[in-house]
Every structure is written in structure tokens, then in C-alpha cells.
Number of protein chains: 2
Amino acid sequence: MTVTESASERLVRIGEVARGAGVSVRAVRYYEQQGLLVAERSPSGQRLYRQDTIARVRFFQQMYAAGLTSRRIAELLPRWNSGHTDAEQRAMLRAERDRIQAKVDDLQTALDRLDEVITITDTHP
Amino acid sequence: MTVTESASERLVRIGEVARGAGVSVRAVRYYEQQGLLVAERSPSGQRLYRQDTIARVRFFQQMYAAGLTSRRIAELLPRWNSGHTDAEQRAMLRAERDRIQAKVDDLQTALDRLDEVITITDTHP
DNA sequence: CCAAAACCTGACGTTGACGTCAGAGGCAAG
DNA sequence: CTTGCCTCTGACGTCAACGTCAGGTTTTGG
């Protein structure tokens with residue numbers, strides 16, 4: 001899935017990306033500012049994105065939800081853009097994975113505690 | 001588990017609570033300011049906590065990790081402190097539970113995507 | 001052709017959970 | 001008594017991911 005420079009992919013403006021991914025226009029500009037997105041520009045200066053940018057933004061949202069920062073995502077991005085690999089980055093990936101796994105486990109624990117309380121207060125009002 | 005006013009439980013100072021729960025002293029004071037903790041005071045004004053405060057703080061950390069705010073936790077606290085129940089609070093509990101469940105699912109998705117990338121870059125360096 | 005909608009660049013504001021610093025007491029050990 | 005660690009109350013600082021406002025240009029639909 002390395003970038004295929006097909007002759008003329010349909011490009012979309014920032015509003016469509018935002019709506020498509022369910023975020024604000026401001027957020028998309030912010031991602032670009034953080035180096036997560038790159039946009040072509042129309043002659044008048046408007047940003048033009050490839051359509052897969054929408055999926056990309058959705059992916060960012062997932063990573064944010066997983067507790068990654070923009071900086072961290074930017075550090076990991078080369079993984080998604082090229083086939084290139086280096087040991088340090090693989091270690092980073094695994095570290096993040098473990099962090100998220102731990103977080104999932106914690107959340108599951110919290111969920112269980114909430115369920116406890118719910119069943120108690122429901123059966124014993 | 002309603003509060004048992006046992007004659008003289010061993011009380012601990014803020015530093016012990018913090019170390020015990022793995023948070024900063026500042027954090028503990030913050031929790032008190034948000035109405036999550038109540039402390040007795042020694043004659044000289046130092047905060048004195050019951051030992052179960054440590055578990056309580058750990059629980060707060062879980063809830064924070066689950067995305068609850070201090071305010072939200074404070075609203076739900078009566079559940080843990082009394083046997084009293086009202087329908088609105090039960091609804092809140094269930095709402096939070098569902099939110100967390102959704103979050104867990106999202107995280108699991110993110111985790112799967114990371115795993116994909118990891119196996120790809122590992123088997124195909 | 002013209003108004004509404006969309007986009008642009010700054011740049012300051014917001015929110016939550018603390019960090020940090022200042023200045024002043026309090027407490028057990030030697 | 002004094003040294004060293006703990007605690008106190010303000011109060012300002014931080015960081016991330018945007019929100020929001022100002023003032024101006026561009027694109028689109030009727």
C-alpha cells in the first residue's frame with residue numbers, strides 16, 4: 001500500500017475531509033500543523049487532500065483515543081508511508097501496543113467494578 | 001461496606017496515601033479540592049486519611065483512565081458511600097458503563113491495527 | 001452577478017489534572 | 001537545639017487538542 005501516484009486522483013477540500021472523518025475543519029488544519037497530513041494547494045491556496053486522507057484522519061482519532069500524542073503518531077508514521085523498517089521503530093510500535101493493551105485491561109477492570117455497583121444497586125434498591 | 005466508625009482506625013498522612021496509591025501529594029490535595037476526598041485534620045492542620053483512602057485513590061485513577069472527569073466521579077460517589085439509590089443515578093451509571101465499553105471496543109480496534117502493522121513489518125522488514 | 005457558503009491566516013481562549021515555586025510551619029532523631 | 005524531611009496555603013504555569021473570533025479571499029448555486 002505504498003503511495004501510488006496515479007495520474008489524477010480526485011482531490012477533496014478540507015470541509016469534505018472533516019465531515020467525512022467526523023472532525024472539525026480546525027482539527028484537520030491542526031493535524032497538518034503537527035506534520036500528520038500534507039496537502040497540495042489549489043492556485044488560490046486552498047488545501048487539497050487525497051480521499052484516503054479521510055481514513056487517515058479516522059485512524060488518527062483511534063490513536064488519540066488510545067492515548068497517543070500527535071508527536072508520537074508522527075514518529076510512527078513512516079511505518080505507514082514506506083516499507084522501510086528499523087529496529088528502534090519496531091520497538092516503539094511494540095511498546096505502544098503494550099501500553100494500549102495495559103490500558104484496555106485497566107478499563108476492563110474499571111468496567112467490571114462499575115458492573116458490580118450496577119447490579120448491586122439494581123437488585124438492592 | 002458503609003462507613004464503619006470503628007473506635008480508632010489508624011490514620012495516615014498525605015504522603016503515605018500518595019506513595020501508596022502511586023500518585024503525587026499534589027494530586028491527593030486536588031482530589032480533596034474536587035470533593036472526592038474528605039480528610040480529618042490534626043491539631044496542627046495536617047490532613048489525616050483513613051487507610052482505605054489509598055484504595056479509593058486507586059479507584060479514582062481507574063475512573064480517570066476510563067475518561068471520567070472529577071465532576072462526574074463526584075456525582076457518582078454517593079453510590080459508593082451509601083445504599084441510597086435513585087433512578088437518575090442508575091441511568092448515569094449505565095451511561096458511563098456503555099461509554100467505557102465503547103471505548104474499550106475502540107481501543108481493541110486500534111490495537112488490532114497496530115498488531116497488523118507489527119506483524120507486517122516484522123515478517124517483511 | 002451576487003449572496004451564501006466555504007476557505008484562508010493569524011492569534012488568543014479553553015479545559016482538566018495536575019506541576020511547581022514561594023514562604024512558613026511542624027515533627028522525630030541525634 | 002538543629003538538621004532534615006514532611007506538610008501547609010496560595011497562586012501561577014503547563015500541555016494537548018482543539019475552539020473561537022477577526023478580517024479577508026474564493027467558490028458555488030440560483
Side-chain angles (χ1 to χ4, degrees), chain A residues 10-49 53-54 56-77 96 99 103 106 110, chain B residues 10-50 53-54 56-77 96 99-100 103 106 110:
Chain A
R10 169 170 148 59
L11 298 178
V12 296
R13 294 191 301 174
I14 195 170
E16 193 168 337
V17 171
R19 276 191 307 279
V23 303
S24 68
V25 167
R26 176 68 172 90
V28 178
R29 290 203 195 96
Y30 175 75
Y31 301 155
E32 182 173 336
Q33 188 186 332
Q34 300 306 303
L36 301 182
L37 294 178
V38 182
E40 289 181 48
R41 294 302 183 117
S42 78
S44 67
Q46 300 202 344
R47 293 173 177 81
L48 297 176
Y49 299 96
T53 302
I54 295 177
R56 208 178 156 93
V57 169
R58 278 212 248 279
F59 175 68
F60 294 156
Q61 291 291 105
Q62 289 191 337
M63 292 302 134
Y64 285 138
L68 304 215
T69 65
S70 297
R71 165 170 287 284
R72 202 75 172 142
I73 297 175
E75 289 169 351
L76 294 173
L77 266 187
E96 289 300 341
R99 240 186 24 72
K103 193 164 187 174
D106 284 357
Chain B
R10 169 170 147 59
L11 298 178
V12 296
R13 294 189 301 174
I14 195 170
E16 193 168 337
V17 171
R19 276 190 308 278
V23 303
S24 69
V25 167
R26 176 66 172 92
V28 178
R29 291 204 194 96
Y30 175 74
Y31 300 155
E32 183 173 335
Q33 188 186 331
Q34 300 305 303
L36 302 181
L37 294 178
V38 182
E40 289 181 47
R41 295 301 184 120
S42 78
S44 65
Q46 301 201 341
R47 293 172 176 81
L48 297 176
Y49 299 95
R50 305 213 322 265
T53 301
I54 295 176
R56 207 179 157 91
V57 169
R58 278 211 249 278
F59 175 68
F60 294 157
Q61 292 292 105
Q62 288 193 337
M63 293 300 134
Y64 285 138
L68 303 214
T69 66
S70 296
R71 165 171 287 284
R72 201 77 173 142
I73 298 175
E75 288 169 351
L76 294 173
L77 265 187
E96 289 300 341
R99 240 185 27 72
I100 299 177
K103 194 163 184 170
D106 284 357

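Quick caveat, the model's predicted, so the values are computed rather than measured. Each chain gets a letter, A, B and so on, in the order the sequences are listed, and its residues count up from 1. What's counted below: heavy atoms across the whole structure, side chains too, no hydrogens, waters or symmetry copies.
- In this structure, B:Tyr30 atom OH and C:dT20 atom C1' are separated by 16 Å, rounded to whole Å.
- Here the P atom of nucleotide D:dT7 and the CD atom of B:Glu16 are 9 Å apart, to the nearest Å.
- Rounded to whole angstrom, the span from the CG atom of A:Leu37 across to the C1' atom of D:dA17 amounts to 14 Å.
- Atom CG in A:Leu36 sits roughly 13 Å away from atom P in D:dA16 (whole-Å rounding).
- Proximity of B:Ser24 to the phosphate of C:dG19: a side-chain N or O atom is located under 4.0 Å from OP1 or OP2.
- The B:Ile14 side chain lies nearest to D:dT7 when the options are D:dC18, C:dC7, D:dT7.
- B:Tyr31 comes within contact range of the sugar-phosphate backbone alone, with a heavy-atom separation under 4.0 Å but no base atom that close.
- Atoms CG and CD, on B:Leu77 and B:Gln34 in that order, are 12.0 Å from each other to the nearest 0.5 Å.
- Taking only side-chain atoms of A:Arg26, from C-beta outward, the nucleotide of D:dC6, D:dG19, C:dG19 with the closest atom is D:dG19.
- With distances taken from any side-chain atom of B:Arg47 to the nucleotides D:dG19, C:dC18, D:dC8, the minimum falls on D:dC8.
- Across D:dA17, C:dC8, C:dA17, the shortest atom-to-atom separation from the side chain of A:Arg29 is found for C:dC8.
- Mapped onto DNA chain C by nearest heavy atom, B:Arg13 and B:Ser70 fall at different nucleotides, with B:Ser70 at the one closer to the 5' end.
- Enclosure of atom CZ in A:Arg71 is not indicated, since only 12 or fewer non-hydrogen atoms of other residues, nucleotides or ligands lie within 6.0 angstrom.
- Ring geometry, A:Tyr64 versus A:Tyr31: the interplanar angle falls from 30° to 60°, so the pair is classed tilted.
- Distance A:Arg41 CZ to C:dC8 C1': 8 Å, rounded to the nearest Å.
- Nucleotide C:dT15 holds its C1' atom 17 Å from the CZ atom of B:Arg72, rounded to whole Å.
- In this structure, the separation between CG on A:Leu36 and OH on A:Tyr30 is 8.5 Å, given to the nearest 0.5 Å.
- For A:Leu68 and D:dA16, the CG to C1' distance is 13 Å, given to the nearest whole Å.
- For D:dT7, the OP1/OP2 oxygens have no side-chain nitrogen or oxygen of B:Ser44 closer than 4.0 Å.
- In the set C:dC7, D:dC6, C:dA11, D:dC6 carries the atom at the smallest distance from any side-chain atom of B:Gln46.
- Ionic pairing of B:Arg99 and B:Glu96 is present here: one or more N-O contacts between side-chain nitrogen and carboxylate oxygen are shorter than 4.0 angstrom.
- Taking atom CD on B:Gln33 and atom P on D:dA11, their separation rounds to 12 Å, with Å as the unit.
- Position along DNA chain D of the nearest nucleotide to B:Arg19 versus A:Pro43 favours B:Arg19 as the more 5'-ward residue.
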